[in-house]
Trainee: 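What follows is a single structure, and I will ask about it in a moment.
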Amino acid sequence: MGPLGTFFARLANHLETRGVTITKLSFPLHEFGFPAHQRVAYAGPMEAYKPFLRSLIVERGIRHLFMYGDFIDPHRLAIELVSEMNAENALPHTIEAWVFELGYVRPNFVSLELERVNARSNLNRPVDFYRNLPPADDIPTAPRDSGMRWRKCWKTPTFIQHAFTPYPIISGPHKLQPKPSYLWAQVAGFLRKHLYRISERSIQQRLLDGTPYTLVPLQVSSDSQVSLGSDFAGMEPFIAQLIASFARYAPSDQRLAFKHHPRDRGYNHYGALIKDLARKHGVAERVLYFHDGALGPILKRAKAVLTINSTVGLQALHHAVPTKVLGRTFYNMPGLTDQQPLRVFWGSPQPSDRDLFRRFYSHMIEATQINGNFDGRFPFSTTFSVSPSLGVHAIGPRPCGVELFQRMFTLGRGFATYYLQVLALAFGARQSARRLLERGSQLVLAGLGVEVLMERSGELIDRPQIHIANHGHPLDVLLVQGYFREASMTTAARHLRWILPFFAASARNYGHTNLDHLSSRSRLAGLRHLLRVLDKKGRLFLFPSGSLITPITQRVSGSLHVLGRRSGAVIIPWTIRYRGFPPSEEASRYRPFRLIVQRLFGPQATILCEQGATIDPNEFADQNSLSLHIRELYADKLGLINLASHSPR
C-alpha cells in the first residue's frame, strides 16, 4: 500500500510506460489510480497472506516490492517473506523490498530505504562509520519546489473509503487504519488550526521574550516511532516524566515548551494534563503548551530540544541546537545528540560535533532521501531509471486531453522550427539551418508521441564509419535526422514535399543525397556523393535494405561493400526496435498527412536503437558474403526481439 493519494499509481504508470510489468496488490482499503489490468485483489486474513504473496511472487517473477511504511501487517509480513525467500534462493534473482516514508528532512524530501525505515533504518551505524566518511564542507540543501499539490484532493475520498471499510491491517489505533470517528477528528483539526492562531498569540510572544527554553516536539499519539522505537506507551507518560525532571533539575530561569504535532491536532489535546502536572510540580508559570507556529524560528531560539525520536531532532541538529533523544533513532549517537543523564542535560545540554554532523547528514541525504513530494513534483525518471532495453515492451497509452494538447503544441513547435530552418537556409546560415533541422526532427517525433531511446556502445573507433540499421517505419527519416545526425541517402523528398516545402534543399544542405530509386543514374551519383561524405566527414548512415517494403533480412545493398572497401570504413550495425505502433500505420507509410493524424491521436510509442559490434568489410571476400553476414545478423537479432516481445515479462 502507498501513502494516501495517488503517488503509487503515478509510480506504477511511470514504470509501466517504460516497459516494467506492474502488479498492484489491492486490499479492500482502496487506492485510486490503478487500472484493472494491474490489480490483483486480496481480501483474506493476514494469516493466509504470506502463502498468497509467495505464490504471486513466484508466479510472476516479481523482483521489487514497494510499500509505504514498514509496520502495518501486510508490509511487515511482506518484508519477512522477502528475507525468507532470498535466504532460500527461491528465485534465480534477489527480491528487494523498498519502503517509502515521509522525509527524514522536511519539507523537501521523501525517504526510501531497503526493507526498513525510521527507528529500524539502515542508517543505524556505529558512530565510527560516520566519522570515517569523507569530510563534508557544506550541509546539503535542496530546492523547496513541490509544485501545485492538487493531487491532495484524492486523500479525502481515500480516507473516507478506508474509514468505512472494516479490514484490519494493523493492531491498535492508527490513521492508516481509520475509523468513522476519525473523520470528525480531521474536521476538528482543521478548525482548531485557525482557532489556535488567535488563542495562542500570547504563548508565541512569551517564546520570543528572550527567556531560555527547551523545546519538546510531541509526536502523533499512534506513531509507530513511539510504539516501536521507545519504551513510552504514548505521549502522556513522556510528558509526565519530563515535567517531573524539569521541575527538579532545570535552572529556575528556564522554560519548558511543548509543541503539539500538527497531524494530531484533531485527535488529542494535552493542555489539561500539562497544566495539572505543571501545577503539581510547582512550575506552572515555566511550562508552555502550544500547537502551531513557524518551526524554524522557534528551533533557532531554543536553548535545547528534547524528543522521543521525532525528525524535528534532525532539524534541531541542522540548526546546531543541542538535542537529546529519549527513544531509539538512527541519529542518536555520541557526538550528535546529548548522551548525558536527563538531570544533567537541563543545566548543560551538549552541542553536536559539526564536522560529524556534516558527514552524517550528507550520507543520510545521499543514501535515503529523494528531493520530491508525494502529492506534488517527484523525480520519477532520475529515481527509478529503467533500462532502455525494457522500453520496447512499454505499453503506450493514448493521449488524454492535457497530453493531447501537449503533443499538438510540441508538434507545432517542430514544424515552426523546420520553417525557421528554411528561413535560415535562405539567408545563408547553413550551419544554423542544419542544427534547426535536427531539433525540428526531435520535436516532431515527440509531438507524434514517439520516445527515442539510444544505446551506444562507447567503443572508440579511429576509422571512417558507415552506420546501418533495419528500416521499419516511415518516421525513420526523422530518427536519422534528429538522433543519429549523420548524412544519408533518402527518397523522403518525394513524399514530404507537400508537407515540408523545400525539404530537398534542406536535405542537401545537411549532406544527404536525394535519391530517385527508379533511376540508375541517380543511384550512381548518390554512391559517388557518399564516398565524398566519407572522405570529408568520416561518417554516414544508410538503410541498406533500400526501402520500407523489403526487410534487411532479405536484401542488403551491394554498395555497402563498395563504400567500405574504397573508403577503408568499418560498418556499425544498429538494431532498431519499434514498440507501440499500431499495425494500421503500415498502410500510411507513404501518406504523411494520414500518418501524422494517426500518430497524433495514437498510443505512446517507443523506438529503441541499439549499437552492435563493428564489422570490417575487408574481412569479406566479396559483397555477397558481406550481405549474407548482415542478413543473418539481423535475422538473429530480430528473431530474438520477436520472441522477447511476446514474453510475459
Side-chain angles (χ1 to χ4, degrees), residues 1-27 29 31 33-34 38-40 42 49-50 52-54 56-58 60-87 90-105 108-125 169-170 176 224-225 228-229 311 330 363-375 377-387 390 649:
M1 295 178 65
L4 288 180
T6 59
F7 175 75
F8 266 28
R10 294 163 61 202
L11 171 60
N13 179 69
H14 165 79
L15 295 175
E16 186 175 70
T17 56
R18 285 155 179 80
V20 179
T21 302
I22 298 296
T23 298
K24 166 57 184 167
L25 195 54
S26 291
F27 299 95
L29 304 178
E31 295 176 80
F34 291 94
Q38 292 179 352
R39 295 197 299 267
V40 174
Y42 182 80
Y49 174 65
K50 281 176 73 172
F52 172 84
L53 183 58
R54 173 186 284 268
L56 187 65
I57 290 174
V58 172
R60 302 200 172 194
I62 292 172
R63 295 173 177 267
H64 306 281
L65 281 71
F66 292 99
M67 62 199 77
Y68 176 67
D70 60 356
F71 63 94
I72 65 172
D73 291 346
H75 298 172
R76 176 180 56 81
L77 294 171
I79 293 170
E80 289 178 5
L81 176 62
V82 166
S83 297
E84 294 169 5
M85 294 182 70
N86 285 334
L91 291 177
H93 55 263
T94 301
I95 312 165
E96 296 179 344
W98 290 94
V99 185
F100 282 95
E101 182 56 270
L102 294 173
Y104 299 149
V105 181
N108 301 358
F109 292 93
V110 162
S111 301
L112 179 61
E113 292 199 64
L114 192 63
E115 296 188 356
R116 56 185 64 87
V117 290
N118 291 329
R120 297 192 292 268
S121 168
N122 298 289
L123 294 170
N124 283 294
R125 299 289 191 95
I169 58 171
I170 186 172
L176 290 179
S224 64
Q225 285 271 75
L228 300 176
T311 54
F330 57 83
H363 175 77
M364 178 187 68
I365 294 289
E366 182 179 351
T368 68
Q369 302 299 285
I370 303 167
N371 181 212
N373 188 282
F374 285 137
D375 301 307
R377 293 197 179 104
F378 190 90
F380 289 106
S381 295
T382 54
T383 305
F384 302 100
S385 58
V386 178
S387 170
L390 281 176
R649 290 204 57 78

Trainee: Phe100: what forms a ring-ring contact (aromatic ring centres under 6.0 Å, His included) with it, not counting sequence neighbours?
Mentor: Phe7, Phe8

Trainee: Please examine the side chains of Thr368 and Asn122, heavy atoms only from C-beta on, and report whether any two atoms are closer than 4.5 Å.
Mentor: no

Trainee: Apply the test side-chain contact (heavy atoms from CB on, under 4.5 Å) to residues Met364 and Val105: give CA-CA distance (whole Å), side-chain angles for both, the deciding distance (0.1 Å), then the verdict.
Mentor: CA-CA 9 Å; Met364 178 187 68; Val105 181; 3.5 Å; yes

Trainee: Looking at every non-hydrogen atom in both residues, tell me the closest pair between Phe378 and Thr383 and how far apart they are.
Mentor: CE2-OG1, 4.1 Å

Trainee: Which heavy atom of Phe380 sits nearest a heavy atom of Arg10, and at what distance?
Mentor: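 Residues Phe380 and Arg10, closest heavy atoms: CE1-NH2, 3.6 Å.
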
Trainee: Heavy atoms, side chains only, cut-off 4.5 Å: are Leu53 and Leu77 in contact?
Mentor: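 Leu53 does not reach Leu77 side chain to side chain.
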
Trainee: Can you list the steps and then say if Ser111 with Gln369 is a side chain to side chain donor-acceptor pair (under 3.5 Å)?
Mentor: CA-CA 5 Å; Ser111 301; Gln369 302 299 285; 2.9 Å; yes

Trainee: Parallel, tilted or perpendicular for Phe27 and Tyr42, by the 30°/60° rule?
Mentor: perpendicular

Trainee: Sequence neighbours excluded, which residues qualify as salt bridge (charged side-chain N to carboxylate O under 4.0 Å, His left out) partners of Glu96?
Mentor: none

Trainee: Going by heavy atoms in the side chains, are Arg60 and Thr21 under 4.5 Å from each other?
Mentor: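 No, their side chains stay 4.5 Å or more apart.
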
Trainee: Determine whether Ser26 and Glu31 satisfy the following criterion, side-chain contact (heavy atoms from CB on, under 4.5 Å), listing intermediate values before the conclusion.
Mentor: CA-CA 8 Å; Ser26 291; Glu31 295 176 80; over 6 Å; no

Trainee: Contact between Ile57 and Leu65 at the side-chain level, heavy atoms closer than 4.5 Å - yes or no?
Mentor: yes

Trainee: Taking the side chain from Glu115 and the backbone from Ile79, do they hold a donor-acceptor pair closer than 3.5 Å?
Mentor: no

Trainee: Hey, could you give me the CG/CE distance between Leu29 and Met1, rounded to the nearest 0.5 Å?
Mentor: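 Those atoms lie 4.5 Å apart.
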
Trainee: Is any side-chain heavy atom of Val117 less than 4.5 Å from a side-chain heavy atom of Trp98?
Mentor: no

Trainee: Are the side chains of Leu81 and Tyr49 in contact, using a 4.5 Å heavy-atom criterion?
Mentor: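 No, too far: nothing below the 4.5 Å cut-off.
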
Trainee: What residue pairs, at least two apart or across chains, pass salt bridge (Lys or Arg N to Asp or Glu O under 4.0 Å) with a residue in residues 70-84?
Mentor: Lys50-Glu80, Lys50-Glu84, Asp70-Arg120, Asp73-Arg76, Arg76-Glu80

Trainee: Should Phe52 and Val40 be marked as a side-chain contact (heavy atoms from CB on, under 4.5 Å) after you check the CA-CA gap, both sets of side-chain angles, and the distance that decides it?
Mentor: CA-CA 11 Å; Phe52 172 84; Val40 174; 3.9 Å; yes

Trainee: Within the 4.5 Å heavy-atom criterion, are Val20 and His64 side-chain neighbours or not?
Mentor: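 In short, these two side chains do not touch, never coming nearer than 4.5 Å.
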
Trainee: How many angstroms lie between CD1 in Ile370 and CG in Asn108, if you round to the nearest 0.5 Å?
Mentor: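 CG of Asn108 is found 13.5 Å from CD1 of Ile370.
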
Trainee: Looking at every non-hydrogen atom in both residues, tell me the closest pair between Asn86 and His93 and how far apart they are.
Mentor: OD1-O, 4.5 Å

Trainee: Which pair of non-hydrogen atoms, one from Gln225 and one from Ala119, has the smallest distance, and what is that distance?
Mentor: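 That would be OE1-N, 3.1 Å.
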
Trainee: Go through Met67 and Val99 one step at a time and tell me if the side-chain contact (heavy atoms from CB on, under 4.5 Å) criterion holds.
Mentor: CA-CA 5 Å; Met67 62 199 77; Val99 185; 4.0 Å; yes

Trainee: Specify whether Phe66 and Phe384 have parallel, tilted or perpendicular ring planes, treating 30° as the upper limit for parallel and 60° as the lower limit for perpendicular.
Mentor: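 Because their plane-to-plane angle is over 60°, the rings of Phe66 and Phe384 count as perpendicular.
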
Trainee: Any idea which heavy atoms bring Ala9 and Phe34 closest together, and the distance?
Mentor: N-CZ, 3.4 Å

Trainee: Ile22 and Ala12: which non-hydrogen atoms are nearest, and at how many Å?
Mentor: CG1-O, 3.7 Å

